[in-house]
Amino acid sequence: MARKFFVGGNWKCNGTAEEVKKIVTTLNEAEVPSEDVVEVVVSPPFVFLTLVKSLLRSDFHVAAQNCWVRKGGAFTGEISAEMLVNLGIPWVIIGHSERRALLNESNEFVGDKVAYAVSQGVKVIACIGETLEQREPGSTPIAEKVTNWENVVLAYEPVWAIGTGKVATPAQAQEVHCELRKWLNDNVNSEVAASTRIIYGGSVNGANCNELAAQPDVDGFLVGGASLKISDVLSFIVPLV
Ligand SMILES: O=C(CO)COP(=O)(O)O
């Protein structure tokens, strides 16, 4: 089964309502390949989720940047997977390295979150670590807890490449993605290994995306900084036609 290319824009903790509207307008006016060819997902901060969802073209989708590990309740400051379902937000990013590093999210916690979100019908962009020593223990709780991989995209984001302008070479990205696919084959099963999208994040922009996309195991991107720049916001979608 062919893996549909996946392009995610992670806006992180950035933007005003006006800036967000400008990005959405740019996305809405763009001519891009059909939804059958490329899946495009943008991830604004929580407070802008409904605004973006209400304005965004219907062939693009919205992702939250995090959600709580279990059913909602007395967890001040959190939002739950049920709330995302209630608002019609189909995707969530879980386990981003910024949350792992700054908020001490552990592999187990991330694995539980991925499993809970998937169990509630929210699709997950699950971010995993950089070195083999980090990737295996990071992936194991996800592999142990997730039963339905149809709704999981794995994002490989080397920390040294995030926000630094130092992108992995296409060969480096391919090597890790290939290793991750082998890991899925050995630890989940061959079908999941063949069908799961493994996307790359870290200083992706219009200038480097085509070479990365040409790698057989690079199934898309999670783009940070460039997804916020009006001049760049389409550059990693359009060239893939
Ligand atoms: O962290 C990232 C996406 O989740 C990557 O960020 P940059 O594209 O800004 O390097």
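Order of listing sets the numbers, starting from 1, for every ligand and every atom in it.
Taking only nitrogen or oxygen atoms, main chain and side chain alike, Gly224 reaches within less than 3.5 Å of ligand 1. Polar contact check, Gly225 against ligand 1: a nitrogen or oxygen pair lies under 3.5 Å apart.
Under the 3.5 Å distance criterion, with hydrogens and angles disregarded, a donor-acceptor pair is assigned to the side chains of Asn66 and Lys113. Checking Asn104 against Arg99 by side-chain atom types alone, no donor-acceptor pair falls below 3.5 Å. No side-chain N or O of Gln65 forms a donor-acceptor pair with one of His96 less than 3.5 Å apart.
For Ala161, every heavy-atom contact with ligand 1 shorter than 4.0 Å involves the backbone, none the side chain. At a heavy-atom cutoff of 4.0 Å, ligand 1 is contacted by both the backbone and the side chain of Ile162.
Using 4.0 Å as the threshold, Ala226 has no heavy atom nearer than that to any atom of ligand 1.
In this structure, Phe221 has its ring center at least 6.0 angstrom away from the ring center of Phe6.
Around atom 2 (C) of ligand 1, the closest heavy atom drawn from Lys166, Glu157, Glu98, Gln65 belongs to Glu157.
At the shortest separation from atom 6 (O) of ligand 1 among protein heavy atoms lies Lys12 NZ, 3.2 Å. With hydrogens left out, the protein atom closest to atom 10 (O) of ligand 1 is Gly163 N, 2.6 Å, a heavy atom.
Every atom of ligand 1 with a heavy atom of Gly202 under 4.0 Å away is listed here by number and element: 5 (C), 10 (O).
Interatomic distance, Trp183 CH2 to Glu136 CD, rounded to the nearest 0.5 Å: 7.0 Å.
Ring planes of Tyr200 and His177: tilted class, angle from 30 to 60°.
Using a 4.5 Å heavy-atom cutoff, the side chains of Val38 and Lys4 are not in contact.
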